[in-house]
Amino acid sequence: MDGPSTIPEPGGFIQPTGLPSPAPSSTSTRSIAASLPHPRQHSLRPGSSKEEMVRRYVEDRLLHISRRYVKKFGNPNPGDEVVGFKSFGEVAKELDGLVNVLWKSGTPSLQVPFLLKLASDFTQFVRPFPPSPRATFELLRKLDHCFASLLRGQDLDTNETLPGFENGLRSGMTTTDMVRCRSLVEQTRVLVVEILSSGDVDEDEDEEDETDMDGDEDFGGNQIPTPWDVDEERLHMDAARIYENTLVKLGERLGDPLGNENKIDTSTVCSQGC
């Protein structure tokens with residue numbers, strides 16, 4: 001299962017693994033959510049061949065991603081079909097594709113455990129690579145939308161009832177799931193700030209943003225320096241918004257209003273010139 005590019009399913013459930021180019025970090029939450037495929041009209045029947053096909057596909061892709069992650073730390077062998085990741089952007093692209101597959105499935109029994117698994121894997125995979133703010137924030141925004149929508153049983157943007165929630169929230173996250181989700185959310189918020197504070201942004205992302213960081217020009221073609229680093233300010237804002245919708249919905253469901261423990265100090269983000 002390392003090589004298939006699509007998941008065929010009777011009834012039109014075909015999910016390509018190819019992904020669009022990453023959007024800029026300043027892209028709105030609404031446009032990030034719009035990049036998700038529209039879910040199936042009805043959830044996959046438990047125990048059906050369709051559900052098993054999606055489950056096996058996601059499990060196999062997760063295994064493939066783990067193998068590529070491990071290969072990063074070893075010397076490549078000639079003829080080895082599994083190539084180690086070179087940047088977190090490559091990891092994020094793989095994870096993003098799986099988020100799309102799970103969201104398309106419209107099946108909470110698949111979405112909840114696998115999305116929690118993806119969120120957990122993120123905290124491991126992101127550590128050894130140079131910071132990739134663009135890829136990191138785009139993936140986290142998409143996960144935030146998915147978790148917050150599953151917690152309310154409706155799409156966060158469109159307010160459409162999600163497949164599987166026609167009879168309420170019983171098909172969604174259990175209390176155990178929500179506690180685990182909150183732990184992952186809080187861990188991720190702290191972790192991302194620490195990583196961004198380390199500086200040394202991935203060179204590919206740095207090149208993409210190079211023209212944006214040079215300031216504006218006046219009508220005479222002269223460079224006008226901006227009074228602050230716009231990209232740094234943007235990273236401060238993005239870091240503070242990590243899983244913000246999920247935190248709100250978890251507070252509502254668990255009866256635990258947001259407190260100081262969910263707030264993070266973003267004053268050190270990019271303090272070393274990222």
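For clarity, every value in this text was computed on a predicted model and none was experimentally measured.
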Where [X] and [Y] come nearest, the two heavy atoms and their spacing:
X      : Y      : value
Cys146 : Leu115 : CB-CD1, 3.8 Å
Gln187 : Arg127 : NE2-NH2, 3.6 Å
Ser109 : Glu51  : OG-OE2, 3.4 Å
Leu250 : Met178 : CD2-O, 3.6 Å
Lys104 : Pro37  : CB-CG, 4.0 Å
Gly106 : Pro163 : O-CB, 3.2 Å

Any side-chain heavy-atom pair of [X] and [Y] under 4.5 Å:
X      : Y      : answer
Arg253 : Leu169 : yes
Trp103 : Leu98  : no
Asp177 : Thr174 : yes
Ile242 : Asp144 : no
Arg180 : Met173 : no
Ser43  : Pro108 : yes
Thr107 : Val54  : no
Glu160 : His38  : yes

Salt bridge check, [Y] against [X]: does any charged N sit closer than 4.0 Å to a carboxylate O?
X      : Y      : value
Lys117 : Asp121 : yes
Arg61  : Glu94  : yes
Glu138 : Arg141 : no

query: So Leu118 and Leu102, side-chain contact (heavy atoms from CB on, under 4.5 Å) or not? Walk me through it.
result: CA-CA 11 Å; Leu118 287 177; Leu102 291 166; 4.0 Å; yes
Please round to the nearest 0.5 Å and tell me the distance separating atom [atom1] of [X] and atom [atom2] of [Y].
X      : Y      : atom1 : atom2 : answer
Ser132 : Leu139 : OG    : CG    : 11.5 Å
Leu44  : Ser49  : CG    : OG    : 9.0 Å
Leu143 : Leu95  : CG    : CG    : 8.0 Å
Arg182 : Leu247 : CZ    : CG    : 9.5 Å
Arg67  : Glu81  : CZ    : CD    : 8.5 Å

Listing, residues 147-154 side-chain donor-acceptor contacts under 3.5 Å, not counting sequence neighbours, or none:
residue	atom	partner	partner atom	Å
Ser149	OG	His145	O	2.8
Ser149	OG	Leu156	N	2.9
Arg152	NH1	Asp155	O	3.0
Arg152	NH1	Asn159	OD1	3.0
Arg152	NH2	Gln154	OE1	3.3
Arg152	NH2	Asn159	OD1	3.3

Step by step, work out the side-chain contact (heavy atoms from CB on, under 4.5 Å) result for Leu140 and Phe122.
CA-CA 9 Å; Leu140 291 178; Phe122 168 88; 4.0 Å; yes
For the pair Glu59 and Arg55, evaluate salt bridge (Lys or Arg N to Asp or Glu O under 4.0 Å) and give the outcome as yes or no after the intermediate values. CA-CA 6 Å; Glu59 289 175 344; Arg55 186 187 305 278; 5.3 Å; no
Review point. Side-chain heavy atoms under 4.5 angstrom apart, residues restricted to Ile, Leu, Val, Met, Phe, Trp, Tyr: same cluster for Val83 and Val70?
Key: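 Per the 4.5 Å side-chain linkage, Val83 and Val70 are not co-clustered.
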Q: Go through the steps to decide whether Phe125 and Ser66 satisfy the test side-chain contact (heavy atoms from CB on, under 4.5 Å), and finish with yes or no.
A: CA-CA 9 Å; Phe125 295 153; Ser66 295; 4.1 Å; yes
**Report entry** Ring geometry between Phe85 and Phe129 (parallel below 30°, tilted from 30 to 60°, perpendicular above 60°)
**Finding:**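 Phe129 vs Phe85 ring planes: perpendicular.
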- For the rings on Phe88 and Tyr69, is their centre-to-centre separation under 6.0 Å?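 Between Tyr69 and Phe88, which both carry aromatic rings, the centre distance is not below 6.0 Å.
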Audit row: Leu116, Leu184, side-chain contact (heavy atoms from CB on, under 4.5 Å) steps and yes/no: CA-CA 8 Å; Leu116 288 173; Leu184 285 170; 4.2 Å; yes
| What's the verdict on salt bridge (Lys or Arg N to Asp or Glu O under 4.0 Å) for Lys249 and Glu252, showing C-alpha distance, side-chain angles and the deciding distance? | CA-CA 5 Å; Lys249 296 305 174 185; Glu252 293 174 357; 3.5 Å; yes
